[in-house]
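Whatever order the structure lists ligands and atoms in, that order sets their numbers, starting from 1. Because the structure is a prediction, the values reported are computed rather than measured. Numbers here are sequence positions counted from 1.
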Amino acid sequence: MVHFVGAGPGAEDLITLRGARLIETADAIIYAGSLVNPALLSRARTDCEIFNSAEMTLEQVIAVITAPERASREIVRLHTGDSSIYGAVREQMELLDAAGIDYDVCPGVSSFCGAASSLRAEYTLPGVSQTVILTRMEGRTPVPEREEISSLAAHGATMVIFLSTGMLDELSRRLLLGGYADDTPAAIVYKATWPDERILRTTVGEMAAAARDAGISKTALVTVGNFLGGVHDRSKLYDPAFTTEFRQGTATEQITE
Ligand code: SAH
């Protein structure tokens, strides 16, 4: 059985209990060495075979999994964050389907959630934004034209931009083109939840210069929007006057600042 496991964003204790158990019992682990914290591998059995997919092609990964000597073995394919986000997991599933090999998926904490925790932020603030757009700039992997950054920016929603820290001049230009103001807050989170995490609080207009000054050009997320600002409404759910399925609203006044 093959288990696709989300390793979490970086900190070695941010993997799920299920993911940790799968690592502990695996006969073989293929991990994404470019971003998965190698400390997670210390949970593996001493006789577990370990492969670093950063140095492998899709075909080589599948060849390891389908090798006859690993038939009926427990194999963990360890992806950074959650495997459903830029995980290149579907192409592996299709080849496993074709080979008749069964698999399941164990979710992980995506780096966009890790970044929110590092920022102590809420992406979906009432009165500010109720939508989070996860996207990227096109690199060697193209992005469909209808998903071009400036058209997504036109929503003014919270944006979390992956895989784009090396293109911040162009990213900033497209965000401005889409309608964000120059002084809209932005935060760049480098290696969220890792011991060497860094946070740059900046603006849409200044983000490229801020990253250059800090020497950050990869392994970071760019978060953009007024969720990083100070103004928002209170939630309805916890409003004293609001009645829900579980609680009768009262006339009690809200606490105000
Ligand atoms: N599946 C992963 C994303 C893989 S794409 C997830 O769910 O997080 C790789 C990109 O994710 C990196 O270029 C970077 O933009 C982002 N990333 C991954 N881990 C990160 C971390 N700990 N801090 C900041 N960005 C991270």
Within 4.0 Å of some non-hydrogen atom of P9, the atoms of ligand 1 are 21 (C), 22 (N)
Partner of H3 under side chain to side chain contact (heavy atoms under 4.5 Å, CB included), picked from D104, V105, L78, is D104
Give, for atom NZ of K218 and atom OG1 of T165, the distance between the pair rounded to the nearest 0.5 Å. 10.5 Å
Nearest-neighbour protein heavy atom for atom 23 (N) of ligand 1, which is reported as residue plus atom name and distance: A192 N, 2.8 Å
Distance to 0.1 Å, residue and atom name: give those for the protein heavy atom nearest to atom 2 (C) of ligand 1. T80 O, 3.3 Å
How many angstroms lie between OG in S164 and CZ in R174, if you round to the nearest 0.5 Å? 9.5 Å
About how many Å separate CE of M137 and CD1 of I161, when rounded to the nearest 0.5 Å? 9.0 Å
Protein contact of atom 20 (C) of ligand 1 - nearest heavy atom, named by residue and atom, plus distance: S111 CB, 3.4 Å
Run the numbers for me: atoms of ligand 1, each under 4.0 Å from some heavy atom of D82, listed by number. 1 (N), 6 (C), 7 (O)
If you scan protein heavy atoms around atom 11 (O) of ligand 1, the nearest is F162 CD2, 3.4 Å
Close-contact set for ligand 1 against G81 heavy atoms, below 4.0 Å: 6 (C), 7 (O), 8 (O)
Within less than 4.0 angstrom of ligand 1, does H79 place any heavy atom? no
Rounded to the nearest 0.5 Å, how far apart are CD of E122 and OG of S129? 10.5 Å
Test of understanding: given a 4.0 Å heavy-atom threshold, classify the contact between T219 and ligand 1 as side chain, backbone, both, or neither. backbone
Of all protein heavy atoms, the one nearest atom 7 (O) of ligand 1 is S110 OG, 2.8 Å
Check ligand 1 against A220 and write out every atom of the ligand that is under 4.0 Å from a heavy-atom position of the residue. 14 (C), 15 (O), 24 (C), 25 (N)
Shortest non-hydrogen contact from F227 toward V128: N-CG1, 3.6 Å
OG/S117 to CG/L14 distance, rounded to the nearest 0.5 angstrom? 7.0 Å
Do I50 and I30 share a hydrophobic cluster (ILVMFWY, side-chain heavy atoms under 4.5 Å, transitive)? no
Please report the interatomic distance CD(E145) to CD(E138), rounded to the nearest 0.5 Å. 9.5 Å
Residue selection (non-hydrogen contact nearest atom 24 (C) of ligand 1) among L134, L35, V189: V189
What protein heavy atom is closest to atom 5 (S) of ligand 1, reported as residue, atom name and distance in Å? Y86 CB, 3.7 Å
Please write down residue, atom name and distance for the protein heavy atom closest to atom 3 (C) of ligand 1. I85 O, 3.5 Å
Any side-chain heavy atom of E49 within less than 4.5 Å of one from E69? no
Please report which non-hydrogen protein atom sits nearest to atom 13 (O) of ligand 1, along with the residue it belongs to and the distance in Å to one decimal place. L163 CD2, 3.4 Å
Taking only heavy atoms of W194 into account, list the atoms of ligand 1 that are under 4.0 Å away from them. 22 (N)
